[in-house]
Amino acid sequence: MVNAWQMAADPFAMLPPMNAGLEGLWTLRFGRFGCRDEETHGGILHIEEDRMAGGDGHFLFHGGYTLDDGTLSASLQAVRHGAAQGGYRGMFDTLDATFRLEFTAEALSPGQFEGRIRRDGGPDLRVVMRRFEPLSQRSRIV
């Protein structure tokens with residue numbers, strides 16, 4: 001059992017090892033490269049088996065992923081779940097109802113990845129992914 005003193009010395013002590021897999025819930029922060037933290041947007045990501053799905057206040061996304069030597073790669077379908085009211089183009093700079101995203105991120109620790117999201121014809125976005133909860137009965141898709 002890890003006590004509070006050990007956690008302070010090693011903030012990753014409670015996280016599973018990198019090779020334990022990515023399954024579980026993750027938080028996302030994303031924004032244009034060079035933007036301030038307060039200009040980023042947040043979302044959630046659920047990973048189970050070889051699939052991931054998540055979203056934010058404007059889009060849902062889902063698809064498959066691979067993890068190879070600390071590099072996470074995914075090809076995702078994005079779907080707008082709200083009307084593009086007032087011509088809101090969102091972070092992905094599009095009014096399209098559906099589009100593809102290519103995601104690549106490097107592991108910085110067992111509980112954090114950082115990389116980029118790319119949409120053809122749109123700006124690349126910086127993304128930070130942090131483990132919120134490993135897969136459990138509570139987070140499993142039923």
Side-chain angles (χ1 to χ4, degrees), residues 2-141:
V2 177
N3 64 36
W5 180 85
Q6 288 169 313
M7 278 185 45
D10 181 5
F12 303 111
M14 295 298 290
L15 296 174
M18 195 87 67
N19 61 4
L22 296 175
E23 290 190 334
L25 296 174
W26 295 77
T27 61
L28 301 174
R29 295 301 301 173
F30 52 92
R32 296 200 179 189
F33 281 93
C35 74
R36 296 185 317 266
D37 285 346
E38 61 269 15
E39 296 173 324
T40 63
H41 292 256
I44 190 80
L45 183 65
H46 180 271
I47 299 177
E48 190 170 339
E49 296 179 7
D50 63 347
R51 307 285 299 163
M52 59 173 51
D56 65 6
H58 302 282
F59 297 97
L60 302 173
F61 39 85
H62 62 92
Y65 76 91
T66 60
L67 179 62
D68 185 30
D69 199 29
T71 300
L72 176 63
S73 300
S75 183
L76 305 171
Q77 179 71 28
V79 179
R80 184 184 294 274
H81 61 75
Q85 297 174 347
Y88 179 73
R89 303 179 73 79
M91 280 282 173
F92 300 108
D93 194 29
T94 183
L95 295 173
D96 294 347
T98 63
F99 51 91
R100 298 295 301 175
L101 296 172
E102 300 302 322
F103 174 97
T104 305
E106 300 295 324
L108 302 180
S109 73
Q112 183 172 339
F113 285 78
E114 187 170 327
R116 86 178 46 239
I117 302 173
R118 175 168 283 152
R119 180 188 72 80
D120 281 344
D124 284 2
L125 301 178
R126 175 180 172 255
V127 63
V128 176
M129 192 174 124
R130 289 188 175 94
R131 185 182 298 273
F132 178 74
E133 176 180 293
L135 192 65
S136 67
Q137 281 305 109
R138 181 172 78 156
S139 61
R140 187 171 299 281
I141 294 177

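The ring pair (Phe, Tyr, Trp, His ring centres under 6.0 Å) test applied to Phe103 returns no partner, not counting sequence neighbours. Qualifying side-chain contact (heavy atoms from CB on, under 4.5 Å) partners for Arg32, counting only residues two or more places apart in sequence or in other chains: Asp93, Pro123, Leu125. Applying the side-chain contact (heavy atoms from CB on, under 4.5 Å) test to Glu106 and every residue at least two apart in sequence or in another chain returns Thr71. Looking at residues two or more places apart in sequence or on another chain, you find a salt bridge (charged side-chain N to carboxylate O under 4.0 Å, His left out) between Arg118 and Asp124. For Arg126, the side-chain hydrogen bond (donor to acceptor under 3.5 Å, both in side chains) partners two or more places apart in sequence, or in a different chain, are Glu114. Listed by chain and residue number, Cys35, Arg36 satisfy the side-chain contact (heavy atoms from CB on, under 4.5 Å) test with Glu39 (two or more places apart in sequence, or in another chain). Checked against ring pair (Phe, Tyr, Trp, His ring centres under 6.0 Å), Phe30 has no partners two or more places apart in sequence or in another chain.
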Side-chain donor-acceptor contacts of residues 60-69 below 3.5 Å, not counting sequence neighbours, with atom names and distances?
residue, atom, partner, partner atom, Å
Tyr65, OH, Glu49, O, 2.9

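For residues 50-66, the set of pairs meeting the salt bridge (Lys or Arg N to Asp or Glu O under 4.0 Å) definition, not counting sequence neighbours, is empty.
Interatomic distance, Phe92 CZ to Arg119 CZ, rounded to the nearest 0.5 Å: 9.0 Å. With values rounded to the nearest 0.5 angstrom, Phe59 atom CZ is found 7.0 Å from Thr94 atom OG1. The CG atom of Leu108 lies 9.0 Å from the CZ atom of Arg130; values are rounded to the nearest 0.5 Å. Rounded to the nearest 0.5 angstrom, Arg131 CZ and Leu25 CG are separated by 10.0 Å. Here the straight-line distance linking atom CZ of Arg80 with atom CG of Asp96 works out to 8.0 Å at 0.5 Å rounding.
Using a 4.5 Å heavy-atom threshold, the side chains of Thr104 and Glu102 count as separate. Side-chain contact between Gln112 and Met129 is absent, with no heavy atoms from C-beta onward closer than 4.5 Å. In this structure, Phe33 and Arg116 have side chains that are in contact, with non-hydrogen atoms separated by less than 4.5 Å. Within the 4.5 Å cutoff, the side chain of His46 has heavy atoms near those of the Leu135 side chain.
The two residues Gly57 and His81 make their nearest non-hydrogen contact at O-CE1, 3.2 Å. Contact record, Pro110 with Trp26: O-CH2, 3.9 Å, taken as the closest heavy-atom pair.
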Legend entry - side chain to side chain contact (heavy atoms under 4.5 Å, CB included) between Arg100 and Asp120, worked out: CA-CA 8 Å; Arg100 298 295 301 175; Asp120 281 344; over 6 Å; no

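A donor-acceptor pair under 3.5 Å links the side-chain atoms of Arg29 to the main chain of Thr40, judged by distance alone.
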